Structure formats: C-alpha cells, structure tokens
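Quick notes on the structure that follows.
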Amino acid sequence: MVLGCDWNPANNLIISGGEDCKYRVWDQYGRQLYNSSPYDHVITSVKWAPNGDYFAVGSFEMLRLCDRAGWSHSFDKPQCGSILSLSWSHDGTVVAGAGGNGSVVFGNIVDRTLSWAHIEAILDSENKISINDCLHEMNDDLDFRERVVNMSMQHNHLIVCTTSQCYVYNVMNWTSPFVFDIKDVVFLIVQGARYFALIDASQNFTIYSYEGKMISSPKQQGLRVEFLNQRHISLSSDVLAVIDPSNPKSVKVFDILSGKPVDGQIEHSTEILEMDLNQVEMSSERKMCFIDSNRDMFLSMVHKPEVLKISNMVDSFQWNDENDMLTALSDGKLKTWFYPNAVYVDKDLMNKAMSAKEAADVGKLGAITQFNGNIVTVRRLDGSLATIGISPYPKMLYEHVDKTDFEKAIRMCRFVKEQPLWACLAAMSIYSRELNTVEIALAAIDEADKVQFINYIKELPSEPSRNAALALYCKKYQEAEQILLSARLFYRAIKLNIKLYKWDRALAIAVENKTHVDTVIAYRQRYL
C-alpha cells in the first residue's frame, strides 16, 4: 500500500513511500531509480523541496533528508509519533512535519557544503558560513543577520542570499563583500565567468556583475520559475541561455547587456533535458552543449546554430571553468574532449583529441559536479565524491596557443609524446591557420594523406585560394566556393565543383561568368 507520493516539476522525478517500510525514487516513465533499505516502521509521508535537489521522508519518530538520487543526508528522531504530513517553506530551507501526537516538528537545512578549487564553504547554522582555504591554510567565519536561503560558489566568487540581501564575496577577500537588497526570496543562483543571475519567487530574472551592479533583466513570456533548475539555465560572458519550459525542444538565447532575445535560437528534434554554455572569453567561439531525452549529447555554436552529435548514452557533462575542454560520463566511462572545436575543423581529429577513463563505479545517477583545471569531481550514487584526474598537458597547450606561441606548443608535444595532445595541437593550429604547425602535428600522428593536402595548400599562389582550400579541408564546400567566387577565381571554383562531381554547379558558374565552358564539357566527356 502506497501511503505518500510526490512529484517535482523541476527534475521530473517521483518519490513514493508505503507499508513495505521503504521509500523509492522513480522517473516520469515509472522506471525505478532508487529503492531504500527497509526501516522499522511504515513510511507515512514524503515531500520534495521546491528546487528538486532533495526531499524529506517521514515515519514513526523519524525524519530523513535525502538527496534527489535517493541517498540520505541526515537522520533525526523527533518525539512526535508518526509524521503524517510534510511541507517545505517556499525557499526550500525549512521543513515542517505534522506528528501523530499533535505536535509539529521543524527542521532547518544546515551543513550545506560548497567546494570550488581549493576552497570549501559550509553552512554551519542558519546564519553562519565557515570558510576553509586548504591552499593558504586559512579559516574564516561569515555571520549574517538573517537566515541564509541560497548560496553558490564558482569562478572565484561566493554568492550568499539571505531573506532580504545578497552578498558577493571574492575568494581573495572575505572581509568586504558587495551587498545589495533583493525584493523577494531567491529561488536559484546561476554563475558565469563574469556575471551571475538571480531568479526569485516572484518570477523576476536579474543579471548582475560580480561588483553587485545590475546589468539587465531579460523578460520572457510564460517563464515559470518552478520548472527551472541549474541544468536548464546557463550564463556566459556575453549570452544567457534558457531551455524554454513551454517547448523543451528549443533553447532561447538572450544578450546579457541588453536583456533582449538574440536572433538565432537553437531548435532540436526531441526534448532537451539539460544544457550548458562554455566559459571562454571570445564570443565568436561561444558553444552550447546539451543532452536530449535519448541521452545523446550534441554541440552547437550559439551565434551560428549548427547542431552536431558528439556522443551517446551520456548521464552528465561539464565544461571546464577556464578553457574549452568538455567532459562527460558516458556508458560507464569518463570521456574528456580536449578541443571540442575540432568538430567544426576536422571530425577525425575530434575523436583522437580525447581521453576515456573507466568510471563504472559511478553509476547511472552519478553526476559531474565540477571540472576545474585538470580535476573532475564526480558525485557517486552513494553520495560520496570521487576525484578523477585527467592529463595536465592540454591546459598548458591552451595557454601556449592563446599566446600564439606555437614553438613552445610543439616542444611540449614532442616531450610528452601523446597522440591526443598532437591531435589537439593539429586542430588548434588549423583553426589558427598555422600551416607549418599543422604539418608537424599531423605527421606525428601518421595522417599521411592530410599532410599531403596541407603541403598542397602551402604551395597555392594566392591567399584566397589557400583560405578556400582550408575551408575545403574542414568540409565547408559552400564557404570554399564563396571565397573563390568573391576573389573572382572562377577557374578554381569550377575545378572545385568538378572534383566534387557537382557538374551542374560547375556548368552554372562557367555559363554565368562566360568562361571555361569548354573546360567543363571536356572534363564531363572524359568522365563519361
């Protein structure tokens, strides 16, 4: 007999409890994700917190707080009989339970722990946070007048929201935060590299800089806050992206400075479950990664949407905090793509510039919590945190390439002698049009045919013909033809289409520009 159940709109999961003395977690299709061990008494009540990150379970003289994956955070034995009904406060920090002997029990959420790089922040009591910096061996206490409702720490900043104010701390300076007033209870904090967004209970969506200055407040009709969680919203240094709750197949993109929607929004064929933007500075390289309901992972440019599938059976993914690396838990492995941009340059290099590590013990509901430097932190099914290290060299390679120091990059690759690193350098240098480096890197991974084509490109006489040949290498045929036509290199444009066996297009260019019609006909005759 089921005695209590609850469904949460933010994560689409169902919890139930009943006479078998167990509580269970289900997905929206009724598949069981978690089954607890049996307790001494029947489970009389279950209730999700509004944000969908944890839930409370009530039984005879028992109150439990559990994570959304099912494992237990804490266990209390209040003297109140059976807890027959549970209710959460609007901000998800206090739970109330109605006991069978007529008493009401209240529980505050404490011991919430955030960690970022070498810093840990712990909410000790409802209005006190203790900071531990293990690199500089420093401890600090932050006291607040009101109770802490929400907190988030990423990108060198800790943001704390109480019932009426928001505090922004820089991790280098804990003594003087930026403080500003907020109108309503903050439901969600989303952080990016340069800005952060606050979403409050009265449906307001506001973007601030880390100096506490309000930047903009994007407006969207029909945006209901209770359907949003951390995995539905992402913020970068130039755009804000939100999965549309009314139509989960599309992602709406807003400009941060003006708060207005950007022209191109990203459409997909099936429902998008979670998405994230990369955090690099250059807006021309702004990419979005997302997982759809089939658990396939896709990559798309934000300003020129072109959706490409890069992996399947993905449970969780995360961009690196500082550069363009992407990591994902896929089919029992931790896969890391060192240069995802390679998918737009050369797909063969994309698969070579990656590493895969066994991570079978993480489980289906395991999630990547952060990817900082060369360390990936993964939350296992039983609630423990696992730290998985990846190669430190791609991070150093990014630093050399950002300074266009290709000499040092080549020296480092020769020293390390790893194929993924050479493939990574090859893709980066194609993108930067450093053909000498491309040739060295491709030769190191035995791509003889590509080396030959790069040598052919280097010998081409003019800049437009070289650019067109590089576009052709990246399989961008339209772009290559466009470059040649705008440079009035008609013969090369015709020859390009003949090589691709696009006879009609070759003839159309020849007739249009009244040149080399006989050449096209001669090649066609020879072909037939």
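All figures in this text were calculated on a predicted structure; none of them were measured in a lab. In this chain, numbering begins with 1 at the start of the sequence shown.
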Of Trp337, Phe338, Tyr339, the residue whose pairing with Met325 passes side-chain contact (heavy atoms from CB on, under 4.5 Å):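 Going through Trp337, Phe338, Tyr339 one by one, the side-chain contact (heavy atoms from CB on, under 4.5 Å) with Met325 is satisfied by Phe338 alone.
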Nearest-0.5 Å distance that lies between atom NZ in Lys213 and atom CZ in Phe180: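 Output value for this atom pair is 12.5 Å.
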Derivation of the side chain to side chain donor-acceptor pair (under 3.5 Å) call for Lys287 and Asn341: CA-CA 9 Å; Lys287 287 184 285 295; Asn341 220 22; 3.2 Å; yes
Could [X] and [Y] be called an ion pair, given the rule that one side-chain N must be under 4.0 Å from one carboxylate O?
X      : Y      : value
Arg147 : Asp91  : yes
Lys260 : Asp255 : no
Asp200 : Lys183 : no

Plane angle bin for Tyr23 and Tyr39 - parallel if under 30°, tilted between 30 and 60°, otherwise perpendicular: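 The arrangement is parallel - the two ring planes meet at less than 30°.
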Parallel, tilted or perpendicular: rings of His73 and Trp71 (30°, 60°):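 Rings of Trp71 and His73: perpendicular, over 60°.
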Leu273 to Asp292 - nearest heavy-atom pair and separation: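 Between these two residues, the closest heavy atoms are CD1-O, 3.7 Å.
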Residue list, side chain to side chain contact (heavy atoms under 4.5 Å, CB included) with Asn11, at least two apart or on another chain: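 Testing Asn11 for side chain to side chain contact (heavy atoms under 4.5 Å, CB included), a comparison that skips the adjacent residues, returns Asn8, Leu13, Trp48, Arg68, Asn229, Arg231.
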Ser250 side-chain N/O to Glu267 backbone N/O, donor-acceptor pair under 3.5 Å: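 Side chain of Ser250 to backbone of Glu267: no pair is present.
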Test item: side-chain donor near acceptor, Glu271 and Ser293, under 3.5 Å: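 Note: Glu271 and Ser293 side chains miss the donor-acceptor criterion.
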Criterion side chain to side chain donor-acceptor pair (under 3.5 Å) on Trp174 and Asp133, from CA distance to verdict: CA-CA 11 Å; Trp174 296 108; Asp133 185 336; 5.3 Å; no
